[in-house]
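Accompanying notes for the structure given below.
FYI, side chains are in, hydrogens and waters are out, and symmetry mates aren't considered; it's all heavy atoms of this structure. Both counts, for ligands and for their atoms, begin at 1 and track the order of listing.
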Amino acid sequence: MNIILLGPPGAGKGTQAKRLEQAFAIPQLSTGDMLRAAVKSGSDLGQQAKRVMDAGELMPDDLMVQMIEDRIQQPDCANGFILDGFPRTTEQARALDEMLARRGTKLDHVIELAVDEEALVERITGRYSCANCGAGYHDKYQTPKTEGVCDACGSTEFKRREDDNEDTVRARLKAYHDQTAPILPYYRDQGILQKVDGMADIDEVTRQIQAIVEGKR
Ligand code: AMP
């Protein structure tokens with residue numbers, strides 16, 4: 001089962017991808033996470049990624065396509081994957097179709113998380129995660145049950161993404177509009193695009209996505 005979650009930054013792609021990963025036992029492939037790991041490692045790619053991410057811009061298509069092509073060949077992708085943050089341009093979408101065709105497979109579902117964009121800046125600038133287990137939180141909408149202690153693992157260390165500040169978020173939203181939103185008609189024309197209400201509560205969004213993946217919608 002090959003699934004893409006599409007939507008602007010802050011739409012909930014990462015949160016939902018993690019839930020689907022558990023429900024369907026296929027891995028979440030987040031190009032943003034891969035780039036953040038590269039930044040941490042200090043590699044040449046990481047240094048380039050840091051500049052691009054801090055500016056809220058997009059990495060070059062050829063690099064990102066190669067990154068995903070390498071990743072989907074790993075054994076844990078044998079039964080499929082959930083793409084979170086890729087493709088982000090129509091060029092990437094076309095390259096993905098071609099690489100899947102070469103491997104004798106194809107996309108099963110492209111799911112758009114539709115959100116009210118006014119809410120996104122607040123959603124993104126308030127989010128943070130556990131530095132130990134990655135569980136996601138929000139200053140206003142999802143605080144830990146005990147202040148300063150992760151519900152999932154008990155850690156007291158938390159972190160925020162450097163690109164989750166207001167200026168960078170606005171640049172990321174612009175990149176979404178200019179470069180990523182044009183992918184939607186590409187998949188609509190293929191008849192595989194389905195939309196869910198990304199403003200509904202997290203469990204409801206998960207239910208809607210699962211219904212699509214299980215063919216009930
Ligand atoms: P994300 O974690 O998906 O919000 O991605 C964080 C940042 O990584 C983005 O703002 C881009 O700078 C970069 N990035 C992630 N995925 C891609 C991609 N598929 N193509 C280009 N840049 C990407």
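Contact of the Tyr186 side chain with the Asp97 side chain is registered, since non-hydrogen atoms from C-beta on lie closer than 4.5 Å.
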Check ligand 1 against the protein and report each N/O to N/O distance under 3.5 Å, formatted as atom name, atom name, distance.
{"from": "ligand 1", "atom 1": "2 (O)", "to": "Arg36", "atom 2": "NH1", "distance (Å)": "3.0"}
{"from": "ligand 1", "atom 1": "2 (O)", "to": "Arg36", "atom 2": "NH2", "distance (Å)": "2.9"}
{"from": "ligand 1", "atom 1": "2 (O)", "to": "Arg161", "atom 2": "NH1", "distance (Å)": "3.1"}
{"from": "ligand 1", "atom 1": "2 (O)", "to": "Arg161", "atom 2": "NH2", "distance (Å)": "3.3"}
{"from": "ligand 1", "atom 1": "3 (O)", "to": "Arg88", "atom 2": "NH1", "distance (Å)": "3.0"}
{"from": "ligand 1", "atom 1": "3 (O)", "to": "Arg88", "atom 2": "NH2", "distance (Å)": "3.2"}
{"from": "ligand 1", "atom 1": "4 (O)", "to": "Arg88", "atom 2": "NH2", "distance (Å)": "3.3"}
{"from": "ligand 1", "atom 1": "4 (O)", "to": "Arg161", "atom 2": "NH2", "distance (Å)": "3.0"}
{"from": "ligand 1", "atom 1": "12 (O)", "to": "Glu57", "atom 2": "O", "distance (Å)": "2.5"}
{"from": "ligand 1", "atom 1": "16 (N)", "to": "Thr31", "atom 2": "OG1", "distance (Å)": "2.8"}
{"from": "ligand 1", "atom 1": "16 (N)", "to": "Gly85", "atom 2": "O", "distance (Å)": "3.4"}
{"from": "ligand 1", "atom 1": "16 (N)", "to": "Arg88", "atom 2": "NH1", "distance (Å)": "3.0"}
{"from": "ligand 1", "atom 1": "19 (N)", "to": "Gly85", "atom 2": "O", "distance (Å)": "2.9"}
{"from": "ligand 1", "atom 1": "19 (N)", "to": "Gln92", "atom 2": "OE1", "distance (Å)": "3.0"}
{"from": "ligand 1", "atom 1": "20 (N)", "to": "Gln92", "atom 2": "NE2", "distance (Å)": "3.0"}
{"from": "ligand 1", "atom 1": "22 (N)", "to": "Met59", "atom 2": "N", "distance (Å)": "3.0"}

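Not a single salt bridge (charged side-chain N to carboxylate O under 4.0 Å, His left out) links Asp62 to another residue, sequence neighbours left out. Checked against salt bridge (charged side-chain N to carboxylate O under 4.0 Å, His left out), Arg103 has no partners two or more places apart in sequence or in another chain. Partners of Tyr141 under the ring pair (Phe, Tyr, Trp, His ring centres under 6.0 Å) rule, at least two apart in sequence or in another chain, are His138.
Residues Arg170 and Glu166 are paired through a salt bridge, judged by an N-O separation under 4.0 Å between the basic side chain and the carboxylate.
Using modelled atom types, one side-chain atom of Gln47 and one backbone atom of Gly42 make a donor-acceptor pair closer than 3.5 Å.
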